[in-house]
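Below is one structure, written out as structure tokens; the observations come after it.
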Amino acid sequence: MPLYEFHCHHCGETFTVRRSFSAAKEPAPCPSCESDDTTRAFATFACMAKGSGGETYSVGGGGCAGCAGGHCATCGH
Ligand SMILES: [Zn+2]
């Protein structure tokens, strides 16, 4: 699952939430002030894959070359 970074407009806290893609758009309460006035900043993918040209890129959509077999030590898929 990807990590989503949220920013709290109430107290200015920035925090990350690990959740599924299907729940990505749901609001995340701030862990500091419990306000729902938060905005999702971006998703962080811990999973990196290498392209055929040797370039490294992050993979969205819940999988990478290492995940294909169902056990990627990097991202835990
Ligand atoms: Zn807050």
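Everything quoted here is computed from the prediction, not taken from an experiment. Atoms within a ligand are numbered from 1 in the order they appear, just like the ligands themselves.
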Rounded to the nearest 0.5 Å, how far apart are SG of C30 and CZ of F6?
->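 It is 11.5 Å, given to the nearest 0.5 Å.
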Between OG of S35 and NE2 of H10, what distance do you get to the nearest 0.5 Å?
->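 These two atoms lie 5.5 Å from each other.
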Classify the angle between the aromatic ring planes of Y4 and F21 as parallel (below 30°), tilted (30 to 60°) or perpendicular (above 60°).
-> perpendicular
Side-chain touch T14/E5, heavy atoms, less than 4.5 angstrom = yes
Under 2.8 Å from the Zn ion (ligand 1), which protein N, O or S atoms are there? Could you list them by chain and number?
-> C8 SG, C11 SG, C30 SG, C33 SG
Sequence neighbours excluded, which residues qualify as side chain to side chain contact (heavy atoms under 4.5 Å, CB included) partners of E26?
->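 By the side chain to side chain contact (heavy atoms under 4.5 Å, CB included) rule, E26 matches R19, A23.
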Return the set of residues passing side-chain hydrogen bond (donor to acceptor under 3.5 Å, both in side chains) with T39 (not counting sequence neighbours), or none when no residue passes.
-> H9
